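Data block below; observations after.
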Amino acid sequence: MRILVVGGGGREHALCWALAHDAAGTTLFATPGNPGTAELATNLAIPATAVDDIVAAVHAHNVDLTVVGPEAPLAAGLADRLAAAGRSVFGPTEAAARLESSKAFAKEVMAAAGVPTAASRAFTDLTPALDHIATHPEPLVVKASGLAAGKGAVVCGTRDEAAAAARAMLAQGRLGEAGREIVVEHFLKGEELSVLALTDGERVAILPPAQDHKRLGEGDTGPNTGGMGAYAPVALTTPGLLDRVRRDVLEPTLAEMRRRGTPYRGVLYAGLMIATDGAPSVVEFNCRFGDPEAEAVLPILPPGIAADLDAIARGAWRPRAAEVAPTGAAVTTVLAARGYPDRPEAGAEIVLPDDLGEGILVFHAGTARDERGTLRVRGGRVLAVTALAPTVAAAAAAGRGACERIRFAGKTWRRDIGWRELARAGTA
Ligand code: AMP
């Protein structure tokens, strides 16, 4: 089979790795890929959002299956375009991807489907938004409705902060088009959990849930980032909780999307808040594999992911299990550039030892080779280092050891990925 992976980050390297591992004889392409995918795939120098060029490449290289990594090409209708051209694609249509590309739309779907989520209202005009905020209980959350690369949610301790966030988005255009509509919602207490599920629009296979670490600093402190690490499995995830997520969140959302004539096919990623009483609420939906969750979850899937993605894309899927059991534990640690997330510095040379030990996978994200072939820092999140072991504690220790040995000037990382799990297991 000839498979194209769209995107060029750690998630896409992990997708290439999983697809190469899973199906012998697979020929892989990546648009644009990165130096990591180059070892598994033919990189085609096409940006992930260049929809016309990607469709042309699928024809030119006779690609059987296109797997779309990031949200932007999905929101731009890449899956629709490929389907219209008679090509098989894993990823939702533009209309279905609105579950991520419009938070206001996602809230409307959840309200119609009775899915638990924070009470909210959407606004496009500042005055009614400020009036609403003026009587809203504290704390509260102001979110840009559109795609804002993880920068769109502002958790506000006070109404004044919320008013300032609303003003910045609606009046000052701080997040551009993404912030032309905002959602003001109640603050949810609890612990976050990322549940990724494969779906053909009707049936669901829940992948091993993960937790990610969005804050830059150890102990989950400092500014929000695209993600500094993730791990799976998560002991918080009891069979009862997953049943509830399936019954109360995934199935009703998929049913509502079918009812609207826009069935959702692909990975549905539910970012959940689990309250202390165990009740899940949806914080957000994403329409693709999470990054860095993908780098932790894909390596611990049992064989068969390539066949699953292919069958879903062709509309001929039979889930092998309602819940996919992990083959072990994975801890993924992101090594970021100096200055990440606000002003990452590019250029430093990366020293990446060949032999980092058994069970260590290094996924490239913001790397590039210079004209001499030297590996250098190109972007904020540079590498995602995944350690595989029988337990989260063992994987966390192995991952730390490997991350110590990878060197580049300004290397910025957290040594405490998985700390919640270790605390739960009493091994912190
Ligand atoms: P989002 O862009 O919606 O995923 O939000 C980014 C982050 O903001 C989430 O991962 C949460 O940590 C936090 N957040 C968003 N909405 C809420 C909420 N209603 N209550 C508490 N925290 C939230």
Side-chain angles (χ1 to χ4, degrees), residues 11 14 71 90-92 96-97 99-100 103 106-107 109-110 113-118 150 153 188 190-214 227 229-257 264-302 305 308-309 312 319-327 329-332 392 418 420-421 424:
R11 163 183 49 213
E71 60 277 20
F90 180 83
L99 278 181
E100 174 167 1
K103 286 185 192 287
K107 284 289 188 181
V109 169
M110 286 189 266
V115 170
T117 184
L188 296 167
E191 198 169 328
E192 287 183 70
L193 186 70
S194 304
V195 175
L196 283 72
L198 300 180
T199 178
D200 61 356
E202 200 163 340
R203 285 159 298 190
V204 169
I206 300 181
L207 303 182
Q211 270 187 324
D212 73 347
H213 295 265
K214 284 213 167 62
Y231 70 95
V234 183
L236 182 70
T237 315
T238 59
L241 174 63
L242 287 191
D243 274 351
R244 245 173 121 166
V245 172
R246 166 191 303 283
R247 245 191 0 252
D248 299 347
V249 174
L250 300 172
E251 289 178 349
T253 300
L254 294 172
E256 177 62 19
M257 294 301 282
Y264 185 98
R265 266 190 203 168
V267 194
L268 182 57
Y269 166 150
L272 301 174
M273 192 69 82
I274 313 298
T276 36
D277 66 359
S281 301
V282 174
V283 175
E284 63 162 349
F285 283 123
N286 291 324
C287 64
R288 31 83 195 177
F289 288 100
D291 193 343
E293 288 94 333
E295 291 96 305
V297 172
L298 289 169
I300 56 169
L301 295 183
I305 184 75
D308 279 327
L309 302 192
I312 288 172
R320 288 166 295 149
E323 277 132 40
V324 179
T327 57
V331 172
T332 299
V392 169
R420 285 178 196 279
E421 193 69 9
R424 254 194 288 277

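Computed over heavy atoms, backbone and side chain alike; hydrogens, waters and symmetry mates excluded. Keep in mind that this is a model prediction, so the values were computed, not measured.
- Taking all atoms of both residues into account, the shortest heavy-atom contact from Arg244 to Pro280 is NE-CD, 3.7 Å.
- Under the 3.5 Å distance criterion, the side-chain polar atoms of Lys214 are left unmatched by any main-chain donor or acceptor of Gly229.
- Contact of the Ile305 side chain with the Leu198 side chain is registered, since non-hydrogen atoms from C-beta on lie closer than 4.5 Å.
- To the nearest 0.5 Å, atoms CE (Met110) and CG (Leu99) are separated by 8.0 Å.
- At a cut-off of 3.5 Å, with distance as the only test, no side-chain donor of Glu293 or Gln211 sits close to an acceptor on the other residue.
- For the pair Thr117 (side chain) and Ser281 (backbone), a donor-acceptor distance under 3.5 Å is absent.
- Within the 4.5 Å cutoff, side-chain heavy atoms of Asp248 are placed close to those of Pro116.
- Leu254 places a side-chain heavy atom less than 4.5 Å from the side chain of Leu268.
- Arg424 has its side chain within reach of Glu191: a pair of non-hydrogen atoms, C-beta onward, lies under 4.5 Å apart.
- Between Glu202 and Arg265 there is no salt bridge, since no side-chain N of the basic residue sits under 4.0 Å from a carboxylate O of the acidic one.
- Panel note: side chain Arg246, backbone Ala205; no donor-acceptor pair is recorded below 3.5 Å.
- Under the 4.5 Å side-chain criterion, counting only non-hydrogen atoms from C-beta, Glu100 is not in contact with Glu284.
- Between the side chain of His213 and the backbone N or O of Gly418 there is at least one donor-acceptor pair closer than 3.5 Å.
- Rounding to the nearest 0.5 Å places OH of Tyr231 at 10.0 Å from OG of Ser194.
- The minimum heavy-atom distance between Ile312 and Asp200, with the atom names listed, is CG2-CA, 4.2 Å.
- Put simply, CG on Asp308 and CZ on Phe90 are 8.5 Å apart, with the number rounded to the nearest 0.5 Å.
- Judged by distance alone, the side chain of Thr237 and the main-chain N or O of Pro209 form no donor-acceptor pair under 3.5 Å.
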Run the side-chain contact (heavy atoms from CB on, under 4.5 Å) check on Asp243 and Glu323 step by step: do they pass? CA-CA 9 Å; Asp243 274 351; Glu323 277 132 40; 4.1 Å; yes
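- Put simply, OH on Tyr269 and CG on Asp291 are 9.5 Å apart, with the number rounded to the nearest 0.5 Å.
- Here the closest non-hydrogen pair linking Leu241 and Gly278 is CD1-O, 3.6 Å.
- Residues Val324 and Leu301 meet the side-chain proximity criterion, which asks for heavy atoms closer than 4.5 Å.
- Of all heavy-atom pairs spanning Ala232 and Val297, the tightest one is CB-CG2, 4.3 Å.
- Judged by distance alone, the side chain of Glu421 and the main-chain N or O of Ala235 form a donor-acceptor pair under 3.5 Å.
- For the atom pair CD of Glu192 and CD1 of Ile274, the computed distance is 9.5 Å after rounding to the nearest 0.5 Å.
- For Thr199 and Tyr264, the side-chain atoms include no donor-acceptor pair closer than 3.5 Å.
- Heavy atoms only, all atoms of each residue included: Ala329 and Val392 are closest at CB-N, 3.4 Å.
- Side-chain contact between Ile206 and Leu250 is present, with at least one heavy-atom pair separated by less than 4.5 Å.
- Between Leu272 and Val282 the shortest side-chain heavy-atom distance falls below 4.5 Å.
- Closest of all the heavy-atom pairs between Pro92 and Cys287 is CD-O, 3.5 Å.
- The NZ atom of Lys107 sits 9.5 Å away from the CZ atom of Phe285 when rounded to the nearest 0.5 Å.
- A salt bridge does not link Arg11 with Glu295: none of the charged nitrogens is closer than 4.0 Å to a carboxylate oxygen.
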